[in-house]
Amino acid sequence: MARRSKLARTAALGALAVLTLSGCDLNNAFWRFGWPEGVTDQAEQMRHLWTGSVIAALVVGFAVWGLIFWSMVRHRKRGDELPKQTAYNLPLEIVYTIIPFVMIAVLFFYTVVVQNRVQERSNNPDVTIAVNAFKWNWQFVYPETTESNGGTPVSTTGSSTEIPILVVPVDQSIRFEVASADVIHSFWVPEFLFKLDVIPGNENGRDNVFQVTVREEGAFVGRCAELCGTYHANMNFEVRAVSGDDYQAYLAAREEGLSTFDALERIGQPGAATTTQPFDQLTENQQLDAAGN
C-alpha cells in the first residue's frame, strides 16, 4: 500500500509539473501535439478535438502500459511450481469488449459535433465570395459589388505572371461558393485547416459551399490540393486578411476601377503576393540561353 501511495503521489506531481510548464494554456505547441495553429474559428474547434483525442489516447496508453508492467512484475516466475491455469474469465472479457465500444462511441460523438460546427453554413453571412477554379489558376468574384466602368462585380483573376490575391475581412463570417470550369480542383488554405473539392457541374449544391471566420490579419498561401493536370503544383493564390475597414476601402477602390495591386497599395498593403510567386514559364533551354546572354 505504501508503494502504491508513493506511485500515486509521483504521478500527480508529474501531471502538475506538465500543467505548470505548459502555462495551463492549451493553445501552445505542447498541447497542440503537432497540430498546426489555424487562424479561423473552425480551426480552433478542430484543434480542441485533436487535443482531447490525443490526451484520451495517452491516458489509455499509460493505463495499458501500466497493466503490462504490473503483470510482468506480479506474475514473474518465482519457482518451478506451475501457476494456476485459467481457461477464461467471462466478466473480464465482457469488460474489455465493452470499454473499446464506449471509447469509440464517445470519440464518434465529439467528432460529429465538431464536424457539424465546422460545416455549419449561415443563410446570411457577412461576406460572400465566389471562387472559380480553372486550369491552372483562380478567379475570385465579389458578387455584392459593382465596378463603375463595366457594371460587373469586382473580380480578381490570376495569370501565369500574376498570383491572384483573395482579400477577406477578419472577424466576419465569410461564405465561399466554389465552382470549376473544367476538372476537379480543391480550394485549400493550410491556415484555415480546411479544404473543399471544386467539382465541375456542382455549382448549385450545398457541397460547393463552406464558411469560415478568420481571426488574424496577415497573408496566407492558398493551393489546389487536387491533382488537376500539368501545372497543378503551380496553381497557387494568396489570402490577404485585413481589418473590416480596410476591406471596405479595398472594395471601394476596386469599384472605382483600380486594379487589385493599386487597391491594396491604397489601403497600405503590398500590391503583389508575398507568400508565393508565379511559375517561371521559360523552359530549361530558354533559361540556359537567357543566363548565357
S.K.: Less than 4.5 Å apart, side chain to side chain, heavy atoms only: is that true for Pro169 and Asp171?
M.R.: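 With C-beta onward as the side chain, the pair stays apart.
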
S.K.: If hydrophobic clusters are built by linking Ile, Leu, Val, Met, Phe, Trp and Tyr wherever their side-chain heavy atoms come under 4.5 Å apart, do Val95 and Ile98 end up in the same one?
M.R.: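 Yes, one cluster joins them.
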
S.K.: Any idea how Phe176 and Phe192 line up, ring-wise: parallel (<30°), tilted (30 to 60°), or perpendicular (>60°)?
M.R.: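 It falls in the tilted class, 30° to 60°.
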
S.K.: Should Val212 and Val127 be regarded as members of a common hydrophobic cluster, given that ILVMFWY residues are connected when their side-chain heavy atoms come within less than 4.5 Å of each other, either directly or indirectly?
M.R.: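 As far as the 4.5 Å side-chain criterion goes, Val127 and Val212 are connected within one cluster.
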
S.K.: Could you report the tightest heavy-atom contact between Glu226 and Asp197, atom names first, then the distance?
M.R.: OE1-OD1, 3.7 Å

S.K.: Supply the atom-to-atom distance His185 NE2 to Lys135 NZ, rounded to the nearest 0.5 angstrom.
M.R.: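 Rounded to the nearest 0.5 Å, the NE2-NZ separation comes to 7.5 Å.
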
S.K.: Would you find more than 12 non-hydrogen atoms of other residues, nucleotides or ligands less than 6.0 Å from Gln277 atom CD?
M.R.: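 For Gln277, atom CD is not crowded (no more than 12 foreign heavy atoms under 6.0 Å).
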
S.K.: In terms of hydrophobic clustering (I, L, V, M, F, W, Y; side-chain heavy atoms under 4.5 Å; direct or indirect links), are Phe101 and Val64 co-clustered?
M.R.: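 Cluster IDs for Phe101 and Val64 differ.
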
S.K.: Give me the atom names and distance for the closest heavy-atom approach of Ser122 to Arg175.
M.R.: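 So the minimum-distance heavy-atom pair works out to O-NH1, 3.6 Å.
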
S.K.: Keeping the roles fixed (side chain from Arg121, backbone from Val209), state whether a donor-acceptor pair exists under 3.5 Å.
M.R.: yes

S.K.: Nearest 0.5 Å, please: how far is CD1 in Ile99 from CD1 in Ile94?
M.R.: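 The CD1 atom of Ile94 sits 12.0 Å away from the CD1 atom of Ile99.
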
S.K.: Is Thr51 reaching over with its side chain to a backbone N or O of Arg47, donor-acceptor style, under 3.5 angstrom?
M.R.: yes

S.K.: Would you check if Val198 and Val131 make a side-chain contact, meaning some heavy-atom pair closer than 4.5 Å?
M.R.: no

S.K.: Drop me the distance from Thr230's OG1 to Trp136's CH2, to the nearest 0.5 angstrom.
M.R.: 4.5 Å

S.K.: Tell me if the CD atom of Glu93 is crowded by more than 12 foreign heavy atoms within 6.0 Å.
M.R.: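 Yes - once you tally the heavy atoms of other residues, nucleotides and ligands closer than 6.0 Å, there are more than 12.
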
S.K.: Are any non-hydrogen side-chain atoms of His75 and Trp70 less than 4.5 angstrom apart?
M.R.: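 Yes, at least one pair of side-chain atoms sits under 4.5 Å.
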
S.K.: Once the angle between the rings of Phe210 and Phe187 is folded into 0 to 90°, is it parallel (under 30°), tilted (30 to 60°) or perpendicular (over 60°)?
M.R.: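 It falls in the tilted class, 30° to 60°.
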
S.K.: State, to 0.1 Å, how close Pro143 and Ala130 come at their nearest heavy-atom pair, and which atoms those are.
M.R.: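 Looking at all heavy atoms of both residues, the shortest contact is CD-N, 4.2 Å.
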
S.K.: Rounded at 0.5 Å granularity, tell me how far CD in Gln42 sits from CD in Gln115.
M.R.: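 Between atom CD of Gln42 and atom CD of Gln115 there are 13.5 Å.
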
S.K.: Does Phe194 reach the side chain of Val118, with side-chain heavy atoms less than 4.5 Å apart?
M.R.: yes

S.K.: Are Phe62 and Leu107 connected, step by step, through hydrophobic side chains (Ile, Leu, Val, Met, Phe, Trp, Tyr) whose heavy atoms are closer than 4.5 Å?
M.R.: no

S.K.: Nearest 0.5 angstrom please: Asn132 CG to Glu177 CD, how far?
M.R.: 10.0 Å

S.K.: Assigning hydrophobic clusters by single linkage (Ile, Leu, Val, Met, Phe, Trp, Tyr; side-chain heavy-atom cutoff under 4.5 Å), is Ile267 placed with Phe220?
M.R.: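 Same cluster.
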
S.K.: State plainly whether the residues Arg117 and Glu120 are in salt-bridge range, i.e. N to O under 4.0 Å.
M.R.: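 Looking at Glu120 together with Arg117, the answer is no, because their closest N to O distance does not fall below 4.0 Å.
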
S.K.: Could you tell me which non-hydrogen atom of Glu147 sits nearest to which non-hydrogen atom of Ser155, and how far apart they are?
M.R.: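 Nearest pair, atom of Glu147 first, then Ser155: OE2-N, 4.1 Å.
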
S.K.: Taking the side chain as every heavy atom from C-beta outward, state whether Pro91 and Asn89 have any atom pair closer than 4.5 Å.
M.R.: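 In contact.
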
S.K.: Under a 4.5 Å cut-off applied to non-hydrogen side-chain atoms, are Leu196 and Ser186 in contact?
M.R.: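 Leu196 vs Ser186: side chains apart.
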
S.K.: Does Glu255 form a side chain to side chain donor-acceptor pair (under 3.5 Å) with Thr145? I'd like the steps, not just the answer.
M.R.: CA-CA 7 Å; Glu255 288 180 322; Thr145 62; 4.6 Å; no

S.K.: Out of Val54, Val113, Val114, which one pairs with Leu49 under the side-chain contact (heavy atoms from CB on, under 4.5 Å) rule?
M.R.: Val114

S.K.: Between Glu191 (side chain only) and Val39 (backbone N and O only), is there a donor and an acceptor less than 3.5 Å apart?
M.R.: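 Here the side-chain-to-backbone pair does not exist.
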
S.K.: So, do Phe237 and Asn137 sit near enough that their side-chain heavy atoms are less than 4.5 Å apart?
M.R.: no

S.K.: Within this structure, what is the CG-CZ distance for the pair Asp246 and Arg240, rounded to the nearest 0.5 Å?
M.R.: 11.5 Å

S.K.: Provide the closest heavy-atom pair for Ala133 versus Met235 in the form atom of the first, atom of the second, distance.
M.R.: CB-CE, 3.9 Å

S.K.: So Val112 and Phe108, do their side chains get closer than 4.5 Å, heavy atoms only?
M.R.: yes

S.K.: Can you name the closest pair of heavy atoms from Val141 and Pro153 and give their distance?
M.R.: CG1-CB, 3.8 Å

S.K.: Can you label the angle between the Tyr247 ring and the Tyr142 ring as parallel, tilted or perpendicular, going by 30° and 60°?
M.R.: tilted

S.K.: Determine, stepwise, if the pair Asp182 / Ser180 fulfils side chain to side chain contact (heavy atoms under 4.5 Å, CB included).
M.R.: CA-CA 6 Å; Asp182 35 56; Ser180 171; 3.8 Å; yes

S.K.: Yes or no on side chain to side chain donor-acceptor pair (under 3.5 Å) for Arg254 and Thr156, after CA distance, side-chain angles and deciding distance?
M.R.: CA-CA 10 Å; Arg254 292 299 312 278; Thr156 296; 3.0 Å; yes

S.K.: Looking at Ser173 and Thr213, would you say the former's side chain and the latter's main chain have a donor-acceptor pair under 3.5 Å?
M.R.: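 Side chain of Ser173 to backbone of Thr213: no pair is present.
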
S.K.: Mind telling me whether Phe140 and Trp138 have parallel, tilted or perpendicular rings, with 30° and 60° as the class edges?
M.R.: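 Rings of Trp138 and Phe140: parallel, under 30°.
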
